[in-house]
Amino acid sequence: GSVTFNVAAGTYTEGPVVIPPISGASATSPINFAGPASGTAVITFDTVLTKMGFDLVGADYFVFSNLTFARPATFTGTGATQQFSMRLRLDADFNTITNCTFLADTVTGTTSTFNRLLQINSSSNNLVTGCTFRNGNNQLDLLGLPFAFGLSNGNKIASNKFVRVNNASFITVSNQKDLELNNKEFNTILTSTTAFAGTFSKIVNSKILGNFVTGDLGAGGFSFSEF
């Protein structure tokens with residue numbers, strides 16, 4: 001059956017948490033990390049962290065709910081442009097992230113622009129819903145397999161809220177098919193005149209609808225290429 005880890009209210013400082021495939025996990029037996037409905041279970045990361053917080057490497061059927069993932073206020077590690085609060089990669093499929101909050105460190109400044117909050121890379125059939133993303137650089141990277149390998153498929157990003165006040169895009173999406181992107185709000189005051197709210201390339205048979213984009217958009221809303 002399913003396994004649930006209840007995360008009590010509080011602040012937890014973690015280093016990299018690498019999660020490999022878990023035998024027995026399935027659609028009927030997921031592995032749940034659940035915080036209180038108030039979202040007061042806060043997971044932050046050591047300032048010497050070089051890459052990321054949670055790293056799902058080929059791990060399937062995980063559910064993260066009601067958790068807050070917060071980048072530190074300062075970052076002294078290397079690889080500054082590759083910081084992730086959470087990354088799903090290498091066929092980490094059928095995972096759900098629901099009612100979570102992803103926060104970067106500050107409103108403005110170079111530290112904030114280096115932070116990337118969530119990346120889904122070469123993985124399929126994942127659901128991100130009811131989440132809030134604040135600040136950071138590229139709040140969501142959705143990067144798929146290349147055409148030669150069939151693209152990533154079936155990812156759904158729905159009913160989320162993206163809020164930021166600094167440079168770069170909310171989301172970057174590439175190499176996807178059967179994608180659904182339908183979110184409540186993209187709200188920004190971009191200081192850059194070249195950044196878009198979102199950039200999309202090589203998207204096939206997908207639904208991108210009902211997304212409300214507002215604020216000072218720099219270069220514009222969504223940018224599409226290579227459909």
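Given the structure is predicted, the values throughout are model-derived calculations rather than measurements.
Applying the side-chain contact (heavy atoms from CB on, under 4.5 Å) test to Asp91 and every residue at least two apart in sequence or in another chain returns Asp93. Phe33 is linked by a ring-ring contact (aromatic ring centres under 6.0 Å, His included) to Phe5, Phe64, counting only residues two or more places apart in sequence or in another chain. The side-chain contact (heavy atoms from CB on, under 4.5 Å) test applied to Ser29 returns Ser26, not counting sequence neighbours. Among residues two or more places apart in sequence or in another chain, the side-chain contact (heavy atoms from CB on, under 4.5 Å) test is passed with Ser122 by Leu145. Considering only residues two or more places apart in sequence or on other chains, Asn32 meets the side chain to side chain donor-acceptor pair (under 3.5 Å) condition with Thr4. The side chain to side chain donor-acceptor pair (under 3.5 Å) search around Asn183 returns Asn160, Asn211, not counting sequence neighbours. In terms of the side chain to side chain donor-acceptor pair (under 3.5 Å) criterion, residue partners of Thr40 (sequence neighbours excluded) are, by chain and number, Ser38. In this structure Ala92 satisfies the side-chain contact (heavy atoms from CB on, under 4.5 Å) test together with Leu56, Leu88, Asn95, Ser123, sequence neighbours excluded.
Across every non-hydrogen atom of Phe62 and Ile22, the tightest pair is CZ-CG1, 3.7 Å. Taking both residues in full, the closest heavy atoms of Ser152 and Gly144 are given as OG-CA, 3.2 Å, listed atom of the first, atom of the second, then distance. Pro20 and Ala59 get closest at one heavy-atom pair: O-CB, 3.5 Å. Pairing each heavy atom of Val7 with each of Pro36, the nearest pair is O-CD, 3.2 Å.
Sorted by first then second residue, the side-chain hydrogen bond (donor to acceptor under 3.5 Å, both in side chains) pairs that include residues 53-67, not counting sequence neighbours, are Asp55-Arg89. Sorted by first and then second residue, the salt bridge (charged side-chain N to carboxylate O under 4.0 Å, His left out) pairs with a member in residues 19-35 form an empty list; sequence neighbours excluded.
Clustering of Ile, Leu, Val, Met, Phe, Trp and Tyr by side-chain heavy atoms under 4.5 Å joins Leu90 with Val18, Val57. Under a 4.5 Å side-chain heavy-atom cut-off, the cluster of Ile, Leu, Val, Met, Phe, Trp and Tyr residues that includes Leu127 has no other member.
Rounding to the nearest 0.5 Å gives a distance of 8.0 Å between CZ of Phe94 and OG of Ser124. Interatomic distance, CD1 of Ile19 versus CD1 of Ile31, reported as 8.0 Å (0.5 Å rounding). Rounding to the nearest 0.5 angstrom, the gap separating the CD atom in Gln139 from the NZ atom in Lys161 is 11.5 Å.
Side chains of Asn155 and Gln176: a donor-acceptor N/O pair is present below 3.5 angstrom, by distance only. Residues Asp178 and Asn153 bring no donor and acceptor atom of their side chains to less than 3.5 Å of each other.
Residue Phe133 forms a ring-ring contact (aromatic ring centres under 6.0 Å, His included) with just one option from Phe102, Phe170, Phe69, and that option is Phe102.
In this structure, Ile97 and Met86 have side chains that are in contact, with non-hydrogen atoms separated by less than 4.5 Å. Side-chain contact between Leu103 and Thr68 is present, with at least one heavy-atom pair separated by less than 4.5 Å. Taking 4.5 Å as the limit, every side-chain heavy atom of Leu143 sits out of range of all side-chain heavy atoms of Ile120. Considering only heavy atoms from C-beta on, Leu117 stays 4.5 Å or farther from Leu140 through its side chain. The shortest side-chain heavy-atom distance between Phe224 and Thr199 does not fall under the 4.5 Å cut-off. For the pair Asp141/Leu118, no side-chain contact is recorded, criterion being any heavy-atom separation below 4.5 Å from C-beta on.
No donor-acceptor pair under 3.5 Å is formed between the side chain of Ser174 and the backbone N or O of Ser201. Between the side chain of Thr44 and the main chain of Ala70, a donor-acceptor pair closer than 3.5 Å is present.
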